[in-house]
2 protein chains.
Amino acid sequence: MSTQQLDYYAAQDKIYIATDCIIFGFDNHSIKLLVFKRRVAPFEGEWSLIGSFVKNNESVNDAAKRVLTDITGLQNVFMKQLKVYGEVDRDPGARCITVGQYALIRIEDQDIELVEKHGAVWHDLDEMPNLVLDHNQLVSDALVQLRLKASYQPIGFELLPEKFTIPSLQRLYESIYQKKFDDRNFRKKIIALDVLTKLDEKDKSTSKKGAFLYKFNRKKYDKLVEKGINFKL
Amino acid sequence: MSTQQLDYYAAQDKIYIATDCIIFGFDNHSIKLLVFKRRVAPFEGEWSLIGSFVKNNESVNDAAKRVLTDITGLQNVFMKQLKVYGEVDRDPGARCITVGQYALIRIEDQDIELVEKHGAVWHDLDEMPNLVLDHNQLVSDALVQLRLKASYQPIGFELLPEKFTIPSLQRLYESIYQKKFDDRNFRKKIIALDVLTKLDEKDKSTSKKGAFLYKFNRKKYDKLVEKGINFKL
DNA sequence: TATAATAAATGTATTATATACATTTATAAA
DNA sequence: TTTATAAATGTATATAATACATTTATTATA
């Protein structure tokens, strides 16, 4: 680096940069969020999103992936930047900004032992504990973002197991939007998207008749996401 | 801070944090972007977005506002975070992440002297020069975001002068989406939004007949934005 | 083995929205 | 007075959204 460049870059004091993950899952009944109870200071014993400082040799996005893998054992998970939280006094311990990133995971795929080892717990949205710092705000922003996103991408699929029924898909959307949909119209609209493959199997865990299982067609799905559909419910 | 806390925060090396503004304007014909030619190292003589390191006593968002005001003289401008660019090697000079933020301004309101003093120049999208670092990427991401945003918010109003004609509003949208719209349907849809107030004045600069000027009704507009319309064109 | 109970699956008519498309109008300049 | 030009307007058609009730497949029970 030239002297001029050194001057240029030296102009800033140290600001810490972290990333925090808002991890959404769905257990066939409701949308849930993974948070953990801190075991060390600062904020020992308090509930917090799962995050980390960004290391020097990793990108901001990679830092979030590392955190997610450390906690859940999962890789190649849907994750997207939400927003940077950069208020001067958001962290009383130091000047620290954080990049909120929300992830959608298939709960069933998680490594339960890992999750428990870290003291992480899934909470329903309506029984979230109070979180440290501005983490409540991150959660609330992520939820808005999730709803918005779900309205122009069939994002819900990221949260379901490989095989799923239409009623469970409907419960997922009802849980995201916190309202009921007409089952006939819901089914019609989902099938009209033409990204589902009906299987010969049924899931009989919730009814005597049983509900047909579906997979989604990744190719058609990716094409749909790419061209940016308008998926209003 | 306790010793334990000091340890906690000390775990990270220095990472620089900057913010770069993607500034959109509209001159009644086409969408334009404000970029400047750097006068000092690094990248002296090259085109760049306008940005700054985040100072210790300002939030990330305030840093972007400061940059925008310094360059254009404008305050209270529409600005929104786009994304964090956090790749390890995005800046060869140092480990430096940047927060891209896009702004929509009314070109006519700018302080031209200030703009020129900084060597900033408005460029049409189709004649953008090559930019330093990953700034081309920031521009391209911002444009995608602008189009997406325009599809569920009547965001275009931020770019127009207080009084404007429907044909000029149409040119704005045509410039954003890079395609033509049917003038009868466009007018119908815009008026159906019920956020415009027709004035008794005409703008005769582009035709002998003249086009009626409109204002927008900020109250109705805000209500509309809040409830999140679906404004597809 | 017949019956009851239950969630899953299906269809249609109505309304609202989106699209395609051609003519008239107001005005300034010639 | 005529000409030229962008602005303004309406309607019919197609597509998508909504509202709404009955039948079906199956297990458990009588």
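Quick note on labels: first sequence line is chain A, next is B, and so on, each numbered from 1.
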Residues touching DNA chain C, which here means a heavy atom under 4.0 Å, drawn from residues 190-209 of chain B: B:K202, B:K204, B:K208, B:K209

Of residues 160-171 of chain A, the positions that come close to DNA chain C - non-hydrogen atoms, cut-off under 4.0 Å: A:P167

Name every donor-acceptor pair, under 3.5 Å, that has one atom in a side chain of residues 116-123 of chain A and the other anywhere in the protein, sequence neighbours excluded.
residue: A:H118; atom: ND1; partner: A:L114; partner atom: O; Å: 2.9
residue: A:W122; atom: NE1; partner: A:Q110; partner atom: OE1; Å: 2.8

Any pair counted as side chain to side chain donor-acceptor pair (under 3.5 Å), so long as it reaches residues 203-213 of chain B, sequence neighbours left out: B:D203-B:S205

Pair listing, side chain to side chain donor-acceptor pair (under 3.5 Å) test, anchored in residues 68-81 of chain A, at least two apart: A:N61-A:Q81

Beyond-backbone contact of B:F24 with B:I105, side-chain heavy atoms, under 4.5 angstrom: no

4.5 Å side-chain heavy-atom contact, A:F157 and A:V195: yes

Ring centre gap for A:Y173 and A:F181 strictly below 6.0 Å: no

B:D222: partners by side-chain hydrogen bond (donor to acceptor under 3.5 Å, both in side chains), with sequence neighbours left out: none

side-chain hydrogen bond (donor to acceptor under 3.5 Å, both in side chains) involving B:R90 - partner list, sequence neighbours excluded: B:D134

Range on DNA chain C touched by chain A, heavy atoms, distance below 4.0 Å: C:dA5 to C:dT12

Earlier contact from the 5' end, DNA chain C, for A:K188 and A:F212: A:F212

Check whether [X] reaches the backbone of [Y] with its side chain - one donor and one acceptor, N or O, closer than 3.5 Å.
| X | Y | result |
| --- | --- | --- |
| A:R171 | A:S30 | no |
| B:N136 | B:L131 | yes |
| B:R106 | B:P161 | no |

Residues touching DNA chain D, which here means a heavy atom under 4.0 Å, drawn from residues 172-186 of chain A: A:D182, A:R184, A:N185

B:Y85 and B:D20 side chains, donor-acceptor separation under 3.5 Å: no

Counterpart residues, side chain to side chain contact (heavy atoms under 4.5 Å, CB included), relative to B:S48 (two or more places apart): B:F36, B:R38, B:V132, B:H135

Helix axis bend for the helix from C:dT1-D:dA30 to C:dA30-D:dT1 - C1'-based end axes, five pairs, 10° rounding: 10°

From A:L159 atom CG to A:I31 atom CD1, the distance as rounded to the nearest 0.5 Å: 5.0 Å

For B:D27, salt bridge (charged side-chain N to carboxylate O under 4.0 Å, His left out) partners two or more places apart: B:K32

